[in-house]
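In the text below, chain A, chain B and the rest are named by the order of the sequence lines, each starting its count at 1. Only heavy atoms go into these numbers, but all of them, side chains included; no hydrogens, no water, no symmetry mates.
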2 protein chains.
Amino acid sequence: MSENVGRWLRDEIENAILSYEFAPGERLDETVLANRFGVSRTPVREALMQLDAIGLIEIRPRRGAIVIDPGPHRIYEMFEVMAELEGLAGSLAARRLDKASREAITATHSRCEQSAGAGDSDAYYYDNEEFHKAIYAASRSDFLEEQCAQLHRRLRPYRRLQLRVRNRLSTSFSEHCAIVDAIFAGNGDEARRLLRTHVGIQGERFSDLVASMAAR
Amino acid sequence: MSENVGRWLRDEIENAILSYEFAPGERLDETVLANRFGVSRTPVREALMQLDAIGLIEIRPRRGAIVIDPGPHRIYEMFEVMAELEGLAGSLAARRLDKASREAITATHSRCEQSAGAGDSDAYYYDNEEFHKAIYAASRSDFLEEQCAQLHRRLRPYRRLQLRVRNRLSTSFSEHCAIVDAIFAGNGDEARRLLRTHVGIQGERFSDLVASMAAR
DNA sequence: ATCGTCATTCTTGTATACACGAATGTTGAC
DNA sequence: GTCAACATTCGTGTATACAAGAATGACGAT
């Protein structure tokens, strides 16, 4: 239970949305939520406000809050932006790499290698996140790091779906290898290019995503 | 006065912060704000919550809200990300340009030409905004458009400072010309490259910015 | 004189009460 | 039977009251 009820509720409701417990399009009734969590409406409203700012729900004045349904097209757009930001992070990381960042990338990369080798999709999902976060941090740009982390978080559920696709694990890891090489070689342009294609969802990978979304 | 007091207050306080009426580092007392705007603390808290999510203030639990002081370095980082996003918008615009977007860009571009020719810095400041927004819209990516608009808004005060620098008006406009040419020619890579350097603040332009910030 | 401890005060965090607009169901007319 | 107007209900928006933690100042000890 976080420092105050409002933030705790924000996380709680956010998780519920990201895990599809609250379905896209569903209306979130303040009183119902307040009862469910055993608090008053005030912190519930604060939590909803924050979720609105993050973009997970939409608060229509006097008409309540509904869970936003991004839809395949918008998700594609979000990945498109994510790819661009990660590309920037990679190119900066290649230029500014220091010892600590290098070690962090190496560590998370080898953890990815283990889980990919073991074919453990869930473990890879987690290690992959850490790997990407290490690259954000290596960019040495706090603002970029924050933006990347925020968008990464919002795309989390779809990324998870992606990993389920056959062979994606080993493909993803070999792409990681090339990315690490480029960054460690100080080749910013190459790191940018590789990360862009690694993160972006083009062609059949997009159809795969849509298919797995439709499957739920 | 917007649809509800909370959002109105958000805009009101946001403007006060962006216009330096509330100085960076300053503490924002809920009761004081409530009295000042003649409302209760409830909508004030809602507004502060939203500003926290936007990143303009920081709410420290049980210790009140303070206006964030980005500092030159972080502002540089924000421009760096802005440059990247605008570059993406430009490259997408070049690929996806349709009649309506083409006309919107042409219209705003020629308005920039007028105000730049007249040496009217304030008018150019406004027309320039519209020009960039036209490019965001031309990208045909709603998410990217929103992200660009949000960051653009947050960088507004510093952009204004930049334009004060000698000769920046005509330099900016000639860069616009090249950008328009690249987009209309369908040359996405060129548009991206030009926008990145147009938006970014490298070298002496960064020192200029820091200098004008220190001058206040 | 300085530092630590305790009490007081002030501000934030949460709950509750009230007001107002939107949604909905009912009744009547065509 | 269908549609429209009105009344009622329900939920959001705002204000106020209360609780609890943090900042501040005074007092005492070293």
Walk along nucleotides 5-15 of chain C from 5' to 3' and tag each nucleotide B, S or - by protein heavy-atom contact under 4.0 Å, base first, then sugar-phosphate. ------SBBBB

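- Ring geometry for A:Phe173 versus A:His109: interplanar angle under 30°, hence parallel rather than tilted (30 to 60°).
- B:Ser172 and B:Tyr124 share a side-chain donor-acceptor pair at under 3.5 Å.
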Let's go through B:Ile75 and B:Arg154 carefully: what are the C-alpha distance in whole Å and the side-chain angles of both, what is the deciding distance for side chain to side chain contact (heavy atoms under 4.5 Å, CB included) to 0.1 Å, and is it a yes or a no? CA-CA 10 Å; B:Ile75 290 168; B:Arg154 220 169 132 186; over 6 Å; no

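- To the nearest angstrom, C1' of D:dG13 lies 19 Å from CZ of B:Phe37.
- Inspection of the B:His176 and B:Asn128 side chains reveals an N or O donor paired with an N or O acceptor under 3.5 Å.
- The aromatic rings of B:His132 and B:His152 sit tilted, their planes meeting at an angle between 30° and 60°.
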